[in-house]
Amino acid sequence: MIELEGITHRYREGQPPALDGVSLVIGAGERVALLGPSGAGKSTLLRCITGLVRPTQGVVRFRGRPVTGASPGELRAIRKEIGVIFQEYHLIEPYTALGNVLVGRFGHLPLWRVLLGLFPRADRELARRALAQVGLADQAQVPVRRLSGGQRQRVAVARALVQGGGVILGDEPVSNLDPATARMVLELLCEGNRREGTTLVLSLHAPELALEFCDRIVVLRAGRVVLDRPAREVTPGDLAAAYGLRAPASGAPGAPPG
Ligand SMILES: Nc1ncnc2c1ncn2[C@@H]1O[C@H](COP(=O)(O)OP(=O)(O)OP(=O)(O)O)[C@@H](O)[C@H]1O
Ligand SMILES: [Mg+2]
């Protein structure tokens, strides 16, 4: 589904690379957690997959099609198949929650419908259902600029859910949510994975959520993959080592060195 081959990316010349020779193959239907300390390159990696960042070196392929070097038209076609939950949400402020979720359908509709805001009933229902699934049924008509951080994040999740491209990339999709809502959102994403085989690549800051909801753990550190293993085989000690911490004595993953 997604292939990264020898990806190196420098945002600025002379700076250390944000990604440093990353190679990964992600198969259809996998649930991959991307972990790693702040600045490790998780967002950069996700941006390379959608072509938002053009890596300095290496090749990215999506369903066998090259993303690196793709024309704007080819990139549009690829992006139509990928639901993205951005770290900064990227919502349209004056639009309502429902309007923002409908943005997820833009790629499937003729331009005149988008420009006139004439969405087919089926798309409106899909969007309403997604909002209800993330617990925002009551907020459908509220402009997102009036929503809380966690509500905005859930609008972004709903938008990715309705996109229906078979792949969801989430850049810290639950970072702003209370623990119960975070689990609810991850369960929702996993349900799509179980039911429709949606491929999930989620950057997360909570290793325990990664181990619970994902089947493969990839840890980045300073732009390199330092761990790539099935979740069931990952121990707290592995995670501590990957984060560059001393292994915790009592087994809490990611505990700081005492
Ligand atoms: N637009 C940018 N311009 C210049 N440098 C950048 C830019 N975006 C990220 N970087 C640098 O690239 C490196 C990787 O950043 P990235 O955002 O991918 O990390 P991350 O793992 O997503 O971190 P976080 O957990 O804090 O979101 C960092 O050193 C960061 O400072
Ligand atoms: Mg990031």
Side-chain angles (χ1 to χ4, degrees), residues 2-24 26 31-60 62 67-68 75 79 82-91 149-150 152-157 159-160 167-177 179 182 185-186 189 199-214 216-229 231 234 238-245 253-257:
I2 299 165
E3 288 172 75
L4 295 106
E5 210 179 288
I7 297 297
T8 293
H9 184 67
R10 272 173 219 279
Y11 284 98
R12 266 185 232 120
E13 244 181 273
Q15 297 274 11
L19 293 175
D20 189 2
V22 171
S23 293
L24 275 180
I26 297 173
R31 296 194 306 269
V32 181
L34 265 187
L35 300 178
S38 183
K42 305 179 294 295
S43 297
T44 306
L45 191 152
L46 292 171
R47 287 185 208 126
C48 285
I49 298 174
T50 53
L52 276 177
V53 157
R54 274 183 187 243
T56 320
Q57 247 179 293
V59 181
V60 179
F62 180 76
V67 176
T68 29
L75 268 186
R79 286 182 187 151
I82 306 178
V84 185
I85 306 159
F86 292 97
Q87 194 166 2
E88 314 81 6
Y89 316 150
H90 291 207
L91 300 177
R152 296 158 66 85
Q153 188 158 36
R154 282 180 283 156
V155 172
V157 169
R159 181 180 57 191
V167 178
I168 291 184
L169 307 181
D171 200 353
E172 298 183 29
V174 297
S175 58
N176 239 320
L177 305 180
V185 164
L186 288 171
L189 292 170
T199 308
L200 299 176
V201 186
L202 309 174
S203 87
L204 296 168
H205 268 303
E208 67 281 4
L209 291 179
L211 290 172
E212 183 177 344
F213 289 96
C214 295
R216 176 174 170 193
I217 307 289
V218 173
V219 184
L220 284 176
R221 203 169 138 207
R224 289 168 180 260
V225 176
V226 292
L227 181 91
D228 181 359
R229 204 170 291 168
V234 173
D238 292 334
L239 281 178
Y243 273 81
L245 305 166

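Whatever order the structure lists them in is the order used to number ligands and atoms, beginning at 1. From a predicted model like this one, the values you see are computed outputs, not experimental measurements.
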**Q.** Near the Mg ion (ligand 2) (under 2.8 Å) - protein N, O or S atoms
**A.** Ser43 OG, Gln87 OE1
Q) Do any nitrogen or oxygen atoms of Arg12 come within less than 3.5 Å of a nitrogen or oxygen of ligand 1? A) no
Q.
Between Thr8 (side chain only) and Thr56 (backbone N and O only), is there a donor and an acceptor less than 3.5 Å apart?
A. no
Q: Using a strict cut-off of 4.0 Å, indicate which atoms of ligand 1 neighbour a heavy atom of His205.
A: 25 (O)
Q: Looking only at protein heavy atoms, identify the closest one to atom 25 (O) of ligand 1 and say how far it is in Å.
A: Lys42 NZ, 2.7 Å
(Q) Checking the N or O distance criterion of under 3.5 Å, is ligand 1 in contact with Gly36? (A) no
Q: Around atom 4 (C) of ligand 1, find the nearest protein heavy atom and jot down its residue, atom name and distance.
A: Tyr11 CB, 3.3 Å
**Q.** Residue and atom name of the nearest protein heavy atom (relative to atom 27 (O) of ligand 1), distance in Å to one decimal
**A.** Gln87 NE2, 2.9 Å
Q: Can you sort out which atoms of ligand 1 are near Glu172, meaning under 4.0 Å from one of its heavy atoms?
A: 24 (P), 25 (O), 27 (O)
**Q.** Any donor-acceptor pair under 3.5 Å from Arg154 side chain to Leu177 backbone
**A.** no
Q: Look at atom 14 (C) of ligand 1 and say which protein heavy atom is nearest, naming residue and atom and giving the distance to 0.1 Å.
A: Gly39 O, 3.3 Å
Q. Can you tell me the protein heavy atom closest to atom 17 (O) of ligand 1 and the distance?
A. Ser43 CB, 3.7 Å
Q. Listed by chain and number, what are the salt bridge (charged side-chain N to carboxylate O under 4.0 Å, His left out) partners of Arg54, not counting sequence neighbours?
A. none
**Q.** Protein heavy-atom partner closest to atom 26 (O) of ligand 1 - residue, atom, separation in Å
**A.** Ser38 OG, 2.5 Å
Q | Reference residue Leu35; test side-chain contact (heavy atoms from CB on, under 4.5 Å); the match among Val219, Leu211, Val218 | A | Val219
Q: Please state whether the rings of His9 and Tyr11 are parallel, tilted or perpendicular, taking 30° and 60° as the class boundaries.
A: perpendicular
Q.
Is it the case that ligand 1 has an N or O less than 3.5 angstrom from some N or O of Asp171?
A. no
Q) What atoms of ligand 1 come within less than 4.0 Å of a heavy atom belonging to Thr44? A) 14 (C), 15 (O), 16 (P), 18 (O)
Q) Which residue and non-hydrogen atom of the protein lie closest to atom 12 (O) of ligand 1, and at what distance in Å? A) Ala18 CB, 3.3 Å
